[in-house]
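To keep things clear, I will list the structure first and then write my remarks on it.
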Amino acid sequence: MFEVIAFYTFSILTIIMFGIVVFSKNALYAMSALAGGMIFISGFFFLLGAEFLGVVQIVVYSGAVMALYAFGMMFFDTTRDVKENIHYKKVLYSLSIISAVLIVIIMSAPIYSANIESLYPSVIEGVGNIQMVGLVLFTKYLIPFELAAVMLLVSMISGILLVSKRMEMNLTQEDHYEEKGEII
Amino acid sequence: MDWAIVIETVIKTVIVLSVVAGMAAFATWIERKVLAYMQRRLGPMNVGPHGVLQLAADGIKLFTKEDIVPQHAVKPIFKIAPVIAPVCAFTAMAAVPFFPEFTVFGYTVTPIISDINVGILFVMGVASAGMYAPLLAGMSSTNKWALLGAARTVIQLLSFEVVSGLALLAPIMMIGSLSLIDINDYQIGGIGSWLVWSQPMAFLLFVIAGFAETNRTPFDLIEYEAEIVSGYATDYSGMRWGLFFVGEYANMITVSFLVSIMFLGGYNPLWIIPGAVMILIKISAFIFLFLWVRAAWPHVRPDQMMWLCWKILMPLALLNILITGIVLI
């Protein structure tokens, strides 16, 4: 009973939130609604008994990803409405409708044919879902996991390289030199 | 059966909300008194005995003050932002076991709202979602100081989140569980089995990160009056500002509980002192430490803070994990 109530509450809230994200013209509204929607999605994980994934959803998406988006948005004036500049409305609408239908078909086909089952059901008794995630990650999916880690490392190093081109020169010093140059 | 659990949870939630909100309000008075005595002043004295009723006076002032919303602010977000701070702080407490189990009229009560087996991760994650309060407040105020303050607060929370997560990893590796109840039971054998002895480095790092995550001095960059007025809270008045305040104090209490349970033996009884009293002593001592540091230390600059976080604390935390791993193997 309570699970049903909770499920419908979370579904309605999530749909409203993501609706705001898509339809709102104000970047600040869209951003806050996206963050809220991410948190509501974690409710589904808790309902399904996957507490670990639910918390990871909160930490990763709401805690880290959205905060970085918000940081990027601090450089713009988020209080004004965004003027959208769309030239080919028909192409845009048909493409978005086709992709939406495709995603729905891809996601619902296995459920419709009742062909969905977990590849690695937790066969061991008394093992929580953190331990199961760990077991599967470090046995079956070890190589993709490590590859993802290496990719993250590469992107981190390249990010540092891009930023640190003129790290040895202080920004304020630079301004000082430029001023001097103008005077001379 | 179902209804019994629902009613029990609702009662626990109401108790936690009212008691912690009361404690948070009381902590403001304690803070003013402690700071005053450390600076050889008297602090609030006029309202009630030793100024205890100053709390009520402050509360009345906050509730009856005119509520001003700036003309050019993004109004809905501006109004939602202060609510996020206490909501996240109190939600995080849902997974904190406050006291040991006790029995009332033959009914065993576990003083934790929801015993999920990823307790510590939940508390840290939800508390970190509380950074949306300063973030949205700063972005919706359309005020330069608010925006700068929000940027500072958020970057501070995000950076020290890394340190506190890595610091907690080492003791969790030893215990092998994320549940706060398991963590508490691991240290059941008296003072010698407290994790602070086997993980002193993790304890120190977590306490420093705790100061940063609750925006306390020496890391209270938002209260640099000389630089950014009052940070993200510049445009707020009355109870909207009060909500940020309640959130901050609730977070302080959560961090004190986390440190006591993780490193200082939690609510295990010691000698003849029962467990509930033990944890209250630890929490009070820790909150006093928060106030003591505020009285004794100056602010740090934002660049010094970032330098401390990324160049000193994070490598130390990684080293700590490495050494713990080697010792465990």
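Chain identifiers are assigned alphabetically (A, B, ...) following the order of the sequence lines, protein sequences preceding nucleic acid strands; residue numbering begins at 1 within each chain. Side-chain atoms are counted along with the backbone in the values below, which use heavy atoms only and exclude waters and symmetry mates. Source: prediction; values computed, not measured.
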For A:L161, does the CG atom have more than 12 heavy-atom neighbours from other residues, nucleotides or ligands under 6.0 Å away?
-> yes
Check whether more than 12 heavy atoms from other residues, nucleotides or ligands sit under 6.0 Å from atom NZ of B:K75, and answer yes or no.
-> yes
Side chain proximity check, A:S32 to B:Y132, heavy atoms < 4.5 angstrom = no
Under a 4.5 Å heavy-atom cut-off, does chain A meet the side chain of B:L121, its backbone, both or neither?
-> both
Region of A:L28 in contact with chain B, defined by heavy-atom distances below 4.5 Å = both
Which atoms of B:M139 come close to chain A, meaning under 4.5 Å heavy atom to heavy atom: side chain ones, backbone ones, both, or neither?
-> both
Which bit of B:I155 comes within less than 4.5 Å of chain A, counting heavy atoms only: side chain, backbone, both or neither?
-> both
Take atom CH2 of B:W307 as the centre, draw a 6.0 Å sphere, and report whether it contains more than 12 heavy atoms from other residues, nucleotides or ligands.
-> no
Taking ring pair (Phe, Tyr, Trp, His ring centres under 6.0 Å) as the test, write out the residues that go with A:F44, two or more places apart.
-> A:F7
Is it the side chain or the backbone of B:S140 that comes within 4.5 Å of chain A heavy atoms, both, or neither?
-> both
With side chains defined as the heavy atoms from C-beta onward, is the minimum distance between A:M31 and B:L136 less than 4.5 Å?
-> yes
Nearest heavy atoms of A:I39 and B:A129, plus distance in Å | CD1-CB, 4.5 Å
Could you tell me which portion of B:A73 (side chain, backbone, both or neither) has an atom closer than 4.5 angstrom to a non-hydrogen atom of chain A?
-> neither
